[in-house]
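Report on the structure given below.
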Amino acid sequence: MCPFCPGHEDATPPEILAYRRPGTDPNKPGWTLRVMPNKYPALIIEGSLNREPRGIYDRMNGIGAHEVIIETPEHAKDIPDMSDEAVRDVFWAYRERMMDLERDRRFQYILVFKNHGEAAGASLEHAHSQLIATPIIPKRVAEELAGAKRYYDFKERCIFCDIIRQELIDKERVVKDFDAFLAFQPFASRFPFETWLIPKTHQSSYLELSSPEVTILAKAVKETLGRLKVALNDPPFNYMLHTRPVSKEHHDHYHWHVEIIPKLTKVAGFEWGSGFYINPTTPEASAAYLRSIDLADIARFQAAKAAGNDA
Ligand SMILES: [Zn+2]
Ligand SMILES: [Zn+2]
Ligand SMILES: [Zn+2]
């Protein structure tokens, strides 16, 4: 039994948000997308932030929100084979939940991410993503913010806007130019086939996205994941949405983006010990490979997979 399938709504905590057919009741079938608290949360919503010393160590309460977004009622679907509208709803729901949680003053950051496939940490195969609101800015984001700030102080320009300009000139790491968004593989990327999606005009927050832009973003994500799916035979992957922290102060040097990381290599002793990553594939070669896949290949791949599932 899958707790994310319609008819099993009582296997999960009550929904916080749902897109559903008119006339259907909350926590009953009839939904196309559903958001609820994680049944096994990494952080809990009730309580206040306490930081207390324990010798040289500080302890902090695990306050936060941990939500699950069920992306589709259909068990076997995932983003590349969902309708454009359904994918759009997923990215719209992220926006709605972020807006709501930003009102909670305890939170400094809201991280949206997706784990696809068991090797990438997905405990259920039914398509879903997660959102975690935290009382501190996560380390990876803090590092990106600090790096972007240093560059901005030095050059008075956004580093991400400069990267976009450079990638459009070099072209060899571009997967596809989706007009309002660019899909590219970062120079000296950490992982094989690591792919970023970024708005081409400067936006520090995901919440600055307009409704028509969400439609384009959804198409860009769907196609990019479709290319990766065909190229790597439905690989496990994670994607993370990096946006500016909740506080409104001076984050103009930051530029939101989505990082997609297929899980193809293992992080082992050298990586843990050094913080360096060995990437066996150059982004120039993998981007060229992703460009060579056409949309008909994606459709054929999905059809073959669906036929395999029926047999
Ligand atoms: Zn299911
Ligand atoms: Zn920028
Ligand atoms: Zn990032």
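Only this structure's heavy atoms are used, side chains among them; waters, hydrogens and symmetry mates stay out. Keep in mind it's a predicted model, so treat the numbers as computed, not measured. In each ligand, atom 1 is the first atom listed, and ligand 1 is the first ligand listed.
- For the Zn ion (ligand 3), the nearest N, O or S atom contributed by H242 is named ND1.
- Nearest N/O/S atom of H75 with respect to the Zn ion (ligand 1) is recorded as ND1.
- Ring-plane geometry between Y254 and H257 is classed as tilted, the angle between the planes lying from 30 to 60 degrees on a 0 to 90 degree scale.
- Closest to the Zn ion (ligand 3) among the N, O or S atoms of E259 is OE2.
- Between the side chain of H253 and the backbone N or O of A148 there is no donor-acceptor pair closer than 3.5 Å.
- The shortest side-chain heavy-atom distance between P29 and T24 does not fall under the 4.5 Å cut-off.
- Nearest N, O or S atom of E144 to the Zn ion (ligand 3): atom OE2.
- Checking C5 against the Zn ion (ligand 1), an N/O/S atom falls under the 2.8 Å cut-off.
- Nearest N/O/S atom of H255 with respect to the Zn ion (ligand 2) is recorded as ND1.
- Looking at heavy atoms from C-beta onward, Q108 lies out of side-chain contact with T134 at the 4.5 angstrom threshold.
- Heavy atoms only, all atoms of each residue included: A11 and M1 are closest at CB-CE, 3.8 Å.
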- [ ] Determine, stepwise, if the pair K305 / D81 fulfils salt bridge (Lys or Arg N to Asp or Glu O under 4.0 Å).
- [x] CA-CA 11 Å; K305 199 173 157 238; D81 45 20; 5.3 Å; no
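- When the N, O or S atoms of H126 are ranked by distance to the Zn ion (ligand 1), ND1 comes first.
- Between H202 atom ND1 and C158 atom SG, the angle centred on the Zn ion (ligand 2) amounts to 110° (nearest 10°).
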